[in-house]
Engineer: 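Got a structure for you, questions after.
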Amino acid sequence: MSRHNQVGEAISTEIDLALFGALGDLAQRKLFPSLFHLEREGLLDPATRLLGLARQEHDRDSFRAQVQKTLKTRVKAEELDREALERFLARLDFLQLDFTHPEGYAAIHEWRQGAERPMVVYLSVAARIYGDICRHLESTGCLDDESRVVVEKPIGYDLASSAEINDAIGAVFPESRIYRIDHYLGKETVQNLIALRFANPLFGTQWNQNHISHVEITVAEQVGIEGRWGYFDDAGQLRDMVQNHLLQLVCLIAMDPPANLDADAIRDEKVKVLKALKPFTDDMLGRDVVRGQYIAGTIDGRSVPGYLEEEGANTESHTESFVAMKTGVANWRWAGVPFYLRTGKRMPEKLSQIVIHFRQQPHYIFDPDQRDLAANKLVIRLQPEEGIALEVLTKDSGLDKGMRLRRGPLHLDFNSAFPKTRIPDAYERLLLEVMKGQQYLFVRRDEVEYAWRWCDSLNAAWKDRDEPPRRYPAGSWGPVASIAMITQDGRSWYEDY
Ligand code: BG6
């Protein structure tokens, strides 16, 4: 079966998908439901097969039963179409395997016997064993010149460890067949940033330091550590969220127009942004960066424990669950434009939003009291309630208002503007792109490494200082210092939508 690439050319999507970690949290929570949705929408090629691999004991039937159970809890009842479910389950096979030992990989080879479609290997396992799996697949003859590998974040802990992992994968797969997932790149509204910026001449001409005063990115989560203490306490919010998701958003906002929509054209431009990010120095720490850790509080009327009281917690931990920072992109387009970023766990609501603050008019002629109102803002809401709003100023209506100004949104709410279109989960889009063999929504090795280089500069400065993070109550917008960080520049975090 053929599908189309991003510029409408037909390409085949027929694959054999070998999913390592098929009983893990990500596979059950995201990958199988997403694959099922692709099935339901007729986007899985009829010949495509799915092989689940896990250490646990199962056979094909019990694995199918497990996936069916997962789908019943993860997919809305009205979307769990019976025929699609039968078709989907019939594609599934299972192999029990100890991933770190070569014995057993012959069974994958056997599964592939005679198949002419490309094999896609999805590694939903700890990054430290990516290299082992790739080597064993290669040495047992499971791979060919068309095989692709999909890897999840986090790729490493810093530049050195990520280079080691990337080397191990790269010893088996060429970069053109490595798909590094950053699931934010699969979100509908994140993709829309490319359309918004490069399809609308209105923004094209305004998108630089002459017209934009500052950029704000908030990625707030209500959830806490959710049983992931072991992983999270080693990582912290900087590595977990900023190194990947927030920096990808910065790239899409700050990059120059690519020459076309090819993967490398886009990724070359993103890398230029990452290279131009201002590195952190010790003197910036107190002023431009705030690290926080939540203490017990209330969210939606429910009491929640503090970070150090979470299950399995090390009660001495200094790991940050919140970070706010002021950074910038040191190049011609963005000179002097601060990028304020903040992200945290246990915030009052789940909210991912980018706000572009435009400069005021060079000469102001309205009521002096309203001067602060007088700038446009473009608010891009990634989740929830995906949409775009442009705040414009109009005259307040009424005979007694004179030329009083009023702020109001030109608002495009995706759900009401396009009500019949279901907004797909990020993984659906990413899985489909892997099937098509298209890399533009995946992260290239140099992107990962420049992002680590920048984070490493901050981690090194933090380590030298060895200060505990600031406390913030769960259910608040972070430590007071993160508000002070932006108000010291005469600005505030955007709150209306
Ligand atoms: C993951 C992080 O990459 O992204 C999690 O590891 C985080 O800690 C999640 O909760 C947030 O993703 P989303 O799509 O819910 O914003």
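Order of listing sets the numbers, starting from 1, for every ligand and every atom in it. Not measured: the values here are computed from a predicted model.
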Engineer: Is the closest heavy atom of Y184 to ligand 1 under 4.0 Å?
Structural biologist: yes
Engineer: For atom 7 (C) of ligand 1, what's the nearest protein heavy-atom neighbour? Residue, atom name and distance, please.
Structural biologist: E221 OE1, 3.2 Å
Engineer: Tell me which protein heavy atom sits closest to atom 12 (O) of ligand 1, plus the residue, atom name and distance to 0.1 Å.
Structural biologist: H183 NE2, 3.1 Å
Engineer: Could you check whether any heavy atom of E226 sits closer than 4.0 Å to an atom of ligand 1, since that is the contact criterion I want to use?
Structural biologist: no
Engineer: Enumerate the atoms of ligand 1 whose separation from the nearest heavy atom of K187 is less than 4.0 angstrom.
Structural biologist: 13 (P), 14 (O), 16 (O)
Engineer: Identify the protein heavy atom lying closest to atom 6 (O) of ligand 1, giving its residue, its atom name and the separation to 0.1 Å.
Structural biologist: D240 OD1, 2.6 Å
Engineer: Just to confirm my output: which protein heavy-atom neighbour is closest to atom 15 (O) of ligand 1, and how far is it?
Structural biologist: K350 NZ, 2.7 Å
Engineer: So is there a nitrogen or oxygen of K153 less than 3.5 Å from a nitrogen or oxygen in ligand 1?
Structural biologist: yes
Engineer: Between the side chains of H245 and D182, is a donor N or O closer than 3.5 angstrom to an acceptor N or O?
Structural biologist: yes
Engineer: Measure the distance from atom 5 (C) of ligand 1 to every protein heavy atom, then report the residue, atom name and distance (to 0.1 Å) of the closest one.
Structural biologist: R228 NH2, 3.2 Å
Engineer: Examine distances only and state if a side-chain atom of E449 and a backbone atom of L159 form a donor-acceptor pair shorter than 3.5 Å.
Structural biologist: no
Engineer: Check step by step if ring pair (Phe, Tyr, Trp, His ring centres under 6.0 Å) holds for Y340 and H214.
Structural biologist: CA-CA 8 Å; Y340 299 96; H214 61 287; 5.7 Å; yes
Engineer: Does some side-chain heavy atom of L308 sit less than 4.5 Å from a side-chain heavy atom of Q293?
Structural biologist: yes
Engineer: Please could you name the atoms of ligand 1 that H245 approaches to less than 4.0 Å, counting only its heavy atoms?
Structural biologist: 1 (C), 3 (O), 4 (O)
Engineer: Can you list the atoms of ligand 1 that are under 4.0 Å from a heavy atom of M241?
Structural biologist: 2 (C), 4 (O), 7 (C)
Engineer: Whether R55 engages the ring of F99 as a cation-pi pair (distance to the six-membered ring centre under 6.0 angstrom, angle to the ring normal within 45°) should be assessed.
Structural biologist: yes
Engineer: Is there a polar contact, in the sense of an N or O pair closer than 3.5 Å, between Q383 and ligand 1?
Structural biologist: yes
Engineer: Please check this pair: side chain of D132 against backbone of T100, looking for a donor-acceptor N/O pair closer than 3.5 Å.
Structural biologist: no
Engineer: Count the heavy atoms belonging to other residues, nucleotides or ligands that lie under 6.0 Å from CD of E164, then report whether that count exceeds 12.
Structural biologist: no
Engineer: Will you find, in the side chains of Y130 and E152, an N or O donor that is under 3.5 Å from an N or O acceptor?
Structural biologist: no
Engineer: Answer yes or no: is there an ion pair linking R444 with D446, defined by an N-O contact shorter than 4.0 Å?
Structural biologist: yes
Engineer: Which ligand 1 atoms, with their elements, are less than 4.0 angstrom from a heavy-atom of K345?
Structural biologist: 5 (C), 7 (C), 8 (O), 10 (O)
